[in-house]
Amino acid sequence: MTITAETGLCAVIGHPVGHSLSPAMHNAAFRAAGLNFVYLAFDVTDVAACLNGMRALPSFRGLSVTIPHKMAVMPHLDEVTPMARLVGCVNTVTNQGGRLIGSVTDGAGTLRAFAAAEVQLQGQRILFLGAGGAVRAVAYAMALHAAPHCITILGRTPGKVRTLAEDLRRDASVPIATGCLADDLTGSLASHDIIIQGTPVGMHGHDEGSSPVPGNLLRPEHVIFDMVYRPRLTPLLKNAVRAGCRTIPGSDMLLHQAIIQFETWTDLPAPVDAMRDALDLALNQGL
Ligand code: NAP
């Protein structure tokens, strides 16, 4: 590709772990779509200056925002989508002629991951493990757009679980129940269809090799979605496969939220296969 003043720029700012997978997916997408675009990673400390720079560069089309900047960018944007306001953070910035629009793609990406796996959410009983930022994004998307029968959130810090549940009850009409991961897991697993693992347990470098769900509690009727994507096949997913459950890996969420970013920045359909292949390769290479 030839770099010119017209070359579209997209980038990621935030935690270095996020850097290696997003450039792989987005640069593969730009190549496959024949776009003169490039996606880079920047270590940024002054978020406001970074966004002002973006405003001043018309070819700087899109920004992925990861930890620790997801909330810090919000006051510096010209517009924040209603979903990002509800979720309380932004992971995507789109430059529309110098106006910076903040949005969040994690929830919508997860809905697409479920649709791609042909797993129905409507009328289902959904159990979330964890009550952090990723669970908040996905729970809001499901409560507002997927019409489940009910949602239950189990966490280890009661105040955080309560706050998320109260917010969801205020903004959505789906019944929301809460509980404690340590005490209510067994009973909740028996009464729910879709289990969404949203804690870092099982993640590379963080309780690696552990599962938050004992394998003997899994039933073939369960659908198990583990948000952890490194390793790709987490201990929970391994147990779920053994128990005969349908599974959705965290990498599907990562892929589909990036697909939405591509579409938002370029107004083009995403080259999904190229993005999936690039993500597979990057994960297999341990990036
Ligand atoms: P977060 O905001 O820090 O929330 C983490 C949640 O897990 C909190 O509820 C926390 O409880 C709980 N938790 C942490 N360690 C625990 C443990 N040992 N036992 C039980 N609960 C524990 O993090 P996040 O951004 O939501 O991310 C959560 C996971 O999702 C991470 O593994 C992340 O990599 C993954 N993720 C994946 C994608 C994707 O695209 N696939 C996107 C975003 C996040 P406390 O509040 O009590 O600390």
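We count residues from 1, following the sequence as given. Not measured: the values here are computed from a predicted model. Order of listing sets the numbers, starting from 1, for every ligand and every atom in it.
- Checking side-chain atoms of Thr81 against main-chain N and O of Ala84 turns up a donor-acceptor pair under 3.5 Å.
- Donor-acceptor pairing under 3.5 Å is recorded for the side chains of Thr152 and His192.
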For residues 175-190, which side-chain N or O atoms pair as donor and acceptor with protein atoms under 3.5 Å away, sequence neighbours left out?
residue	atom	partner	partner atom	Å
Asp184	OD2	Cys180	N	2.6
Ser188	OG	Asp184	O	2.7

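- For atom 31 (C) of ligand 1, the choice among Lys160, Met203, Met227 with the nearest heavy atom turns out to be Met203.
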Show every donor-acceptor pair shorter than 3.5 Å between a side-chain atom in residues 264-272 and any protein atom, with sequence neighbours excluded, or say none if there are none.
residue	atom	partner	partner atom	Å
Thr264	OG1	Ile260	O	2.6
Trp265	NE1	Val93	O	3.2
Thr266	OG1	Phe262	O	2.8
Thr266	OG1	Leu268	N	3.2

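- Atom 10 (C) of ligand 1 has its closest protein heavy atom at Arg156 NE, 4.3 Å.
- Among all non-hydrogen protein atoms, the one lying nearest atom 14 (C) of ligand 1 is Pro200 CD, 3.2 Å.
- For the pair Ala131 and ligand 1, a heavy-atom separation below 4.0 Å is found.
- Atoms of ligand 1 lying under 4.0 Å from any heavy atom of Leu181, numbered from 1 in the order shown and given with element: 20 (C), 21 (N).
- Distance from atom 25 (O) of ligand 1 to its nearest protein heavy atom, with residue and atom name: Ala134 N, 3.9 Å.
- With rounding to the nearest 0.5 Å, the separation of CD in Glu263 from CD in Gln261 is 10.5 Å.
- Given atom 28 (C) of ligand 1, the protein heavy atom at minimum distance is Gly198 O, 3.3 Å.
- Regarding atom 18 (N) of ligand 1, its nearest protein heavy-atom neighbour is Asp207 OD2, 3.3 Å.
- Remark: Gln285 CD is packed, more than 12 non-hydrogen atoms of other residues, nucleotides or ligands lying under 6.0 Å away.
- With hydrogens left out, the protein atom closest to atom 8 (C) of ligand 1 is Gly132 N, 3.9 Å, a heavy atom.
- For atom 3 (O) of ligand 1, no protein heavy-atom neighbour is present inside the 4.0 Å cut-off.
- With hydrogens left out, the protein atom closest to atom 39 (C) of ligand 1 is Met253 SD, 3.5 Å, a heavy atom.
- The protein reaches atom 46 (O) of ligand 1 closely, with a heavy atom under 4.0 angstrom from it.
- Here the protein heavy atom with the shortest distance to atom 19 (N) of ligand 1 is Val201 CG2, 3.7 Å.
- Heavy-atom neighbours of His145 NE2 from other residues, nucleotides or ligands within 6.0 Å: above the threshold of 12.
- Under a 3.5 Å cut-off, the side chain of Arg61 and the backbone N or O of Cys10 do not form any donor-acceptor pair.
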